[in-house]
Structure formats: structure tokens, C-alpha cells
Amino acid sequence: MTVDVALVGAGWWAANHHLPALAGHPHARVVAVCDPDRDRADELAARVGARSFPTAADAWTAVPVDAVVVATPHASHHEVVAAALDAGLHVLVEKPMTLTAADAFDLVRRAEEACVHLTVGYTHHFQPAALAARDAVANDIGDLLQVTVEFSSRTGPLFERAERGESGDRPEEQHAESYSAEHGGGQAHTQLTHALGMLTWVTGDQLTEVAAFTSSGGLDVDVDDAAAFRLASGATGVAVGTGRTADAVPVREHLRYHGTSGVVEQDLARGRTVVRRADGTAVVTEPAEDEPAYDPGAPARAFVDLVRGEGPDLAPARPAAATVAAIEALLTAAREGRVVAVPQLPDRQPRGGSG
């Protein structure tokens, strides 16, 4: 079975990662590239012999499509994905799934009612170390007591460019406007979501309440975030993120899961997990010397396999929607100066689905 894919969004991530991954998959065929910037759409479509369209709906009414990869600005995700799901199409959407819990939960409901896959582009989920962390939290460290999260990066200049409407030399800065406040930019939505998305997936848990502080550095979006939270299981945690890491300083993308009989330490940037058990033994999972720690083409390749029924969903919709709810609550808590209850996922639709 060949999976016919429409790529929605022709920005730098789609051009440099999704399109090459799909073009290199033996069982995928990119049949459409959709973007309101017709020059960008035409250029990407020409690379793979696809047709270009200004909108996604134009594509799947004109050519046969099985699945859709959505890599548009964050604020547009709900509208595009909802239309695709309602058309009975499988969807891979870039993180964050949406900007609000209501929209994220709505997409979960639509996917489950349609019995189609809805998966999210959390690239770190596809590391062997991530699977090792999930298995260890479930089986090796007893009851989860506490989680600490740190995600530092260098996105501050990107948010500054977005606010000024400027482009830069780095690939992600070529369309910097996508990271403006209008489009759902900011450190929590673009960066901390990676770590909180990992947390909800590894633990299978949801945040229930959050207290938080943020700093914008004079911008319209958050650049520094700090939060304390509680999980539904009763475990507590803290999460911090900043976009102002200096160029010469290594970034940190760490999670630490502290249980009653052990600890799991996860380094997303290095693709490394260490499980430390109460008996003093430790198990390390990390890439071999010839393997990448971070594979940005993995979500698209795995999505094709998922649609073909040949692989698991490593970035399912429900944990991703719980992450959206957590980030929305974090930003609300910081803005209003109070502890905020996190909206909880709706009951699973009885017909089954993607999460």
C-alpha cells in the first residue's frame, strides 16, 4: 500500500525535514503541497512531482489523499486538522497540537469518532531512549513521586525577529513571522512543549494544577517560564524553560523522574536515558556513535508506517492534548497570579481511535 500524502505548510521545517522524509519513504507519495504562498508551494511541489494548492481543502478535493502532514503556524492547526479529520484523513500535526485545551480536545474527539490516526510531531518521542524512559517509569522505579523538567534553548532572538517582522540567516529564521504572538509563539508553546509532551507520554499522566511565573524580556511572548505542578497520580513537579541560553553555553533538555525505588534521568538533546535502581545498578540507553541523537525525519516516516498498520503511534493525540492543556494553564497562572486547574481529557470515544 502506498500512502498518498498532502503536505500542508511549505515553511522551513516542512521543506528541510518532512518533505525529504516522505520522499525517501518507499511506501509514501507526496501528491500535494499546500501553502498560501504559491511560490513556496510550487517550489516544494516541484521537488517531488506533486501538485501545489493554496489551501489543504483544495488539495484533497482535487487529488486522492490518504493522509495529511500539517506544518503551519501554531494558531492555524485546529482549523486545518479538524477539516482533514472530518474528511476521514489521517493526520500528523506539528507540535503544539493547538493553543487551547478546548481545541485540542475537540481534535481528539473528531479523530476518535472518525477512527483515524491523529499523531503529533514530537521528534524526541522517536528516540530509543524515550521508549526506555517510558518503560522504566512504568516498571522500574516504583511509585512516581516527583518530576523535574528543564528545557533551555536559544529561541529568544527568533521571537525578537518575529516581533519585528524580520528574517534571519538561519533556516528557522527565514519565516520568523510564524513565531509571533499572533501565530502562537513563545517559549512555552514552541520549546517547553517538547519536555511537557514527553512528561505526559512517559508517565501516562495529566497535570491537574499549576502555579507559574513567566518573563517576556519586553516582547509580546514569553521567553522564560517557571512552573510548579501536580499530576493526577499525586506526584509533584517543577518545569523551567528559557530561550536566552548564550551561544557558547550548551542547551539543557532534561527530565528526571523520581520514584520510590529508583530514578530515571532523560537527556533529550543527547537521546540518552539512565535508569538508576534502588539496588545500585544503572542502565544506560543512548545512540551508537554512528546514530543521530535527534532525527527530525522520524515522525513523518513513522506516520506513514502507522497509516500502513506497520508501526506504533509514538506521539499519540491524547498525551499531546494534555500537554496543550498544561501549557494553557501555565500561561494563565502566570498572567493571573494564581494556581490554575488544568482541564482534563474527555472520556475516550467508544468507537476507539488514535490516542
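Only a predicted model underlies this, so the values are computations on that prediction, with no experimental measurement involved. Any value given below was found using the heavy atoms of this structure, including those in side chains, with hydrogens, waters and symmetry copies removed.
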Quick one about [Y] and [X] (side-chain donor to acceptor, distance below 3.5 Å, no hydrogens or angles considered), yes or no?
| X | Y | value |
| --- | --- | --- |
| His124 | Gln266 | no |
| Asp66 | His90 | no |
| Asp225 | Thr214 | no |
| Asp42 | Ser52 | yes |
| Gln146 | Thr236 | yes |

Under the side chain to side chain donor-acceptor pair (under 3.5 Å) rule, what do His117 and Asp313 come out as? Steps first, then yes or no, please. CA-CA 8 Å; His117 293 294; Asp313 188 350; 4.9 Å; no
Ignoring hydrogens and angles, tell me if any N or O in the side chain of [X] forms a donor-acceptor pair with the backbone of [Y] under 3.5 Å.
| X | Y | answer |
| --- | --- | --- |
| Arg308 | Met1 | yes |
| Gln206 | Leu231 | no |
| Thr61 | Ala57 | yes |

If the plane angle is over 60° it's perpendicular, under 30° parallel, otherwise tilted; pick one for Tyr179 and Phe159. tilted
Which residues pass the side-chain hydrogen bond (donor to acceptor under 3.5 Å, both in side chains) test with [X], not counting sequence neighbours?
| X | value |
| --- | --- |
| Gln191 | Ser153 |
| Glu336 | Arg338 |
| Ser76 | Thr72 |

Filter on salt bridge (Lys or Arg N to Asp or Glu O under 4.0 Å), then keep only pairs touching residues 196-221, sequence neighbours left out; what's left?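 Those involving residues 196-221 are Glu209-Arg230.
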As a quick check of understanding, evaluate ring-ring contact (aromatic ring centres under 6.0 Å, His included) for His183 and His74, giving each step before the final call. CA-CA 6 Å; His183 291 299; His74 306 156; 9.1 Å; no
Does any part of the side chain of Met97, heavy atoms only, come nearer than 4.5 Å to the side chain of Leu118, both counted from C-beta? yes
Non-hydrogen side-chain atoms of Phe229 and Val342 separated by less than 4.5 Å: no
Pairing of Arg38 and Glu43 as salt bridge, 4.0 angstrom limit: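 Between Glu43 and Arg38 there is no salt bridge, as every charged N stays at least 4.0 Å from the carboxylate O atoms.
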Between Arg301 and Asp295, is there a salt bridge with N-O shorter than 4.0 Å? yes
Trp201: what forms a ring pair (Phe, Tyr, Trp, His ring centres under 6.0 Å) with it, not counting sequence neighbours?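 Here the qualifying residues are His125.
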Take Asp305 and His25 through the side chain to side chain donor-acceptor pair (under 3.5 Å) test and state the conclusion after the steps. CA-CA 9 Å; Asp305 293 339; His25 196 293; 2.8 Å; yes
Residues forming a salt bridge (Lys or Arg N to Asp or Glu O under 4.0 Å) with Asp4, sequence neighbours excluded: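 With neighbours one apart ignored, the set is Arg29.
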Please identify which of these residues, Asp222, Thr193, Thr155, meets the side chain to side chain donor-acceptor pair (under 3.5 Å) condition with Gln187.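 It is Thr155, the one option of Asp222, Thr193, Thr155 that forms the side chain to side chain donor-acceptor pair (under 3.5 Å) with Gln187.
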Roughly how far apart are Thr273 OG1 and Leu268 CG, rounded to 0.5 Å? 8.0 Å
